[in-house]
Amino acid sequence: MQHAVTLTAALLAATTAVQAETAPAPESVPDAPSCQVAEYAMAIRWQQASGEAAALQHQAYALARLRLDAALEKGGEGTPAIVTDLDETVLDNSALLARDVAACHDFTGWDTWKDWERNGQPTLIPGAKAFLDYADSKGVAIYYISDRYDENKDATLATLTGLGLPQVSADHVLLLGPPKGDRRAIVEKDHRIVLMLGDTLHDFETEFEGSDAAPQKARVGEQADRFGVDWIMLPNPTYGDFKRSGLQGWDAPIVTE
């Protein structure tokens with residue numbers, strides 16, 4: 001993609017400088033000296049270009065279809081519903097991230113996001129539309145719960161409609177305002193949520209909100225039986241609470257042969 005070419009050119013000098021330095025100690029990986037956000041480049045490149053990312057996305061949605069069928073066959077009280085996040089779950093926003101990093105701008109401050117919501121052109125995550133269309137064909141209510149800005153709701157509705165997604169309406173797209181848990185509770189008043197999809201942990205449970213990576217990871221262990229069953233996680237290495245975490249290296253000198 002054009003963004004990948006621009007990104008490579010913008011980061012070449014920073015990458016060369018890092019390679020020229022003496023290898024760092026295992027517990028310390030320095031930022032590129034001229035562009036600290038250069039460290040995001042590999043994750044964005046993986047998300048945009050790798051077959052592995054696309055494979056995992058297709059795999060997640062194939063599993064979601066199987067789990068939805070199982071939930072519908074099991075039955076229960078109330079109208080069945082699924083709740084899905086939007087960004088990096090249904091929508092691919094990596095073009096914005098690549099543009100910002102190429103300009104050495106830290107997109108994790110989210111100061112470029114409002115303009116992207118109004119004027120950007122996200123694409124679909126592989127497998128997302130086919131799954132949502134399938135759920136719609138089964139009479140399942142679909143709710144899009146996202147932390148996109150509510151002030152840009154009309155723009156988000158237009159984006160989702162333009163991409164041909166089902167059940168796009170003001171009452172089915174619940175954006176930033178109350179915590180996601182409160183918005184899920186709104187859905188639960190009249191529905192039985194049988195499946196949730198997201199790319200970050202707070203897409204699934206209030207207990208994940210506001211936590212650092214370590215307690216979140218511990219909570220994942222406690223809730224492991226839900227992932228792949230009624231919680232479907234999509235891969236997203238480009239942003240999240242984990243970005244503040246240090247690296248754990250092998251405590252041994254580098255030996256090359």
Side-chain angles (χ1 to χ4, degrees), residues 3 40 43-44 47-48 53 57 60-61 64 81-101 105-129 131-133 135-136 141-188 191 193 195-206 208-210 231-243:
H3 297 288
Y40 302 149
I44 299 170
Q47 191 80 341
Q48 280 194 341
Q57 290 158 343
Y61 278 110
I82 61 174
V83 168
T84 181
D85 177 53
L86 285 174
D87 299 311
E88 279 54 70
T89 300
V90 173
L91 303 179
D92 181 345
N93 303 287
S94 61
L96 168 68
L97 314 185
R99 189 279 310 270
D100 285 4
V101 170
H105 184 84
D106 188 349
F107 59 80
T108 64
W110 311 118
D111 56 352
T112 58
W113 196 263
K114 289 183 180 181
D115 178 58
W116 171 255
E117 288 179 353
R118 292 189 299 266
N119 301 307
Q121 296 180 325
T123 56
L124 287 165
I125 294 292
K129 186 177 186 306
F131 169 73
L132 294 170
D133 285 341
D136 182 54
I142 301 170
Y143 283 85
Y144 303 95
I145 296 183
S146 165
D147 279 347
R148 285 182 158 233
Y149 291 99
D150 195 59
E151 66 191 76
N152 290 333
K153 187 165 183 173
D154 287 346
T156 291
L157 291 172
T159 293
L160 301 180
T161 300
L163 290 169
L165 295 174
Q167 299 187 34
V168 174
S169 63
D171 59 333
H172 277 243
V173 178
L174 306 178
L175 303 182
L176 184 63
K180 283 194 171 184
D182 292 352
R183 283 173 273 164
R184 290 191 291 267
I186 293 172
V187 177
E188 289 178 312
H191 299 82
I193 298 177
L195 197 66
M196 291 190 284
L197 304 98
D199 68 300
T200 57
L201 292 168
H202 73 280
D203 292 329
F204 302 102
E205 186 183 55
T206 303
F208 288 116
E209 296 178 6
W231 293 355
I232 306 296
M233 175 67 76
L234 277 291
N236 176 17
T238 60
Y239 56 83
D241 294 324
F242 64 87
K243 80 182 185 70

> Below 4.5 Å, heavy atoms only, C-beta onward: do Tyr40 and Asp100 meet side chain to side chain?
no
> How long is the span from the OG1 atom in Thr84 to the CG atom in Asp199, to the nearest 0.5 Å?
9.0 Å
> Mind listing the closest non-hydrogen atom pair of Tyr149 and Leu175 along with its distance?
O-CD1, 3.8 Å
> Would you give the length of the straight line joining atom CD of Gln167 to atom CD1 of Ile142, rounded to the nearest 0.5 angstrom?
4.0 Å
> Just do the side-chain contact (heavy atoms from CB on, under 4.5 Å) check on Val90 and Tyr61 with the steps written out, would you?
CA-CA 10 Å; Val90 173; Tyr61 278 110; 3.8 Å; yes
> I want to know whether Tyr239 and Trp110 have ring centres closer than 6.0 Å.
yes
> Minimum heavy-atom separation for Ala81 and Tyr143, please, with both atom names.
CB-CD1, 4.5 Å
> Between side-chain atoms of residues 119-129 and protein atoms elsewhere (two or more places apart, or another chain), which donor-acceptor pairs fall under 3.5 Å?
unit_1, atom_1, unit_2, atom_2, d
Asn119, ND2, Asp115, OD1, 2.7
Lys129, NZ, Asp133, OD2, 2.6
Lys129, NZ, Gly164, O, 3.4

> Can you list the steps and then say if Trp113 with Asp87 is a side-chain contact (heavy atoms from CB on, under 4.5 Å)?
CA-CA 11 Å; Trp113 196 263; Asp87 299 311; 3.5 Å; yes
> Give me the atom names and distance for the closest heavy-atom approach of Asp203 to Met196.
O-SD, 4.2 Å
> Where do Ala53 and Pro235 come nearest, in terms of heavy atoms and distance?
O-CG, 4.4 Å
> Between Gln48 and Ser94, is a side chain to side chain donor-acceptor pair (under 3.5 Å) present by the stated rule, with each step listed?
CA-CA 7 Å; Gln48 280 194 341; Ser94 61; 3.2 Å; yes
> Please report the shortest heavy-atom distance between Val173 and Lys153, naming the atom on each side.
O-NZ, 2.8 Å
> Any non-hydrogen side-chain atom of Leu201 less than 4.5 Å from a side-chain atom of Asp241?
no
> I need the Phe204 CZ to Ile232 CD1 distance, nearest 0.5 Å.
7.5 Å
> Do the side chains of Phe107 and Ile44 get nearer than 4.5 Å, heavy atoms only?
yes
> Just verifying a value: how many Å separate Asn236 CG and Gln57 CD, rounded to the nearest 0.5 Å?
9.5 Å
> Does any N or O in the side chain of Arg183 come within less than 3.5 Å of the main-chain N or O of Pro178, such that one atom is a donor and the other an acceptor?
yes
> Could you walk me through whether Ile82 and Phe131 pass the side-chain contact (heavy atoms from CB on, under 4.5 Å) check?
CA-CA 11 Å; Ile82 61 174; Phe131 169 73; 3.7 Å; yes
> Kindly compute the distance separating CG (Leu97) from CD (Gln47), expressed to the nearest 0.5 Å.
8.5 Å
> If I take atom CG from residue Leu234 and atom OG1 from residue Thr89, how far apart are they, to the nearest 0.5 angstrom?
5.0 Å
> Please lay out, stage by stage, how Leu160 and Leu91 fare under the test side-chain contact (heavy atoms from CB on, under 4.5 Å).
CA-CA 9 Å; Leu160 301 180; Leu91 303 179; 4.1 Å; yes
> To check you understand the geometry: which heavy-atom pair defines the closest contact between Ile145 and Val83, and what is its length?
CD1-CG1, 3.6 Å
> Where do Asn152 and Glu117 land on the side chain to side chain donor-acceptor pair (under 3.5 Å) test, with the steps shown first?
CA-CA 7 Å; Asn152 290 333; Glu117 288 179 353; 2.8 Å; yes
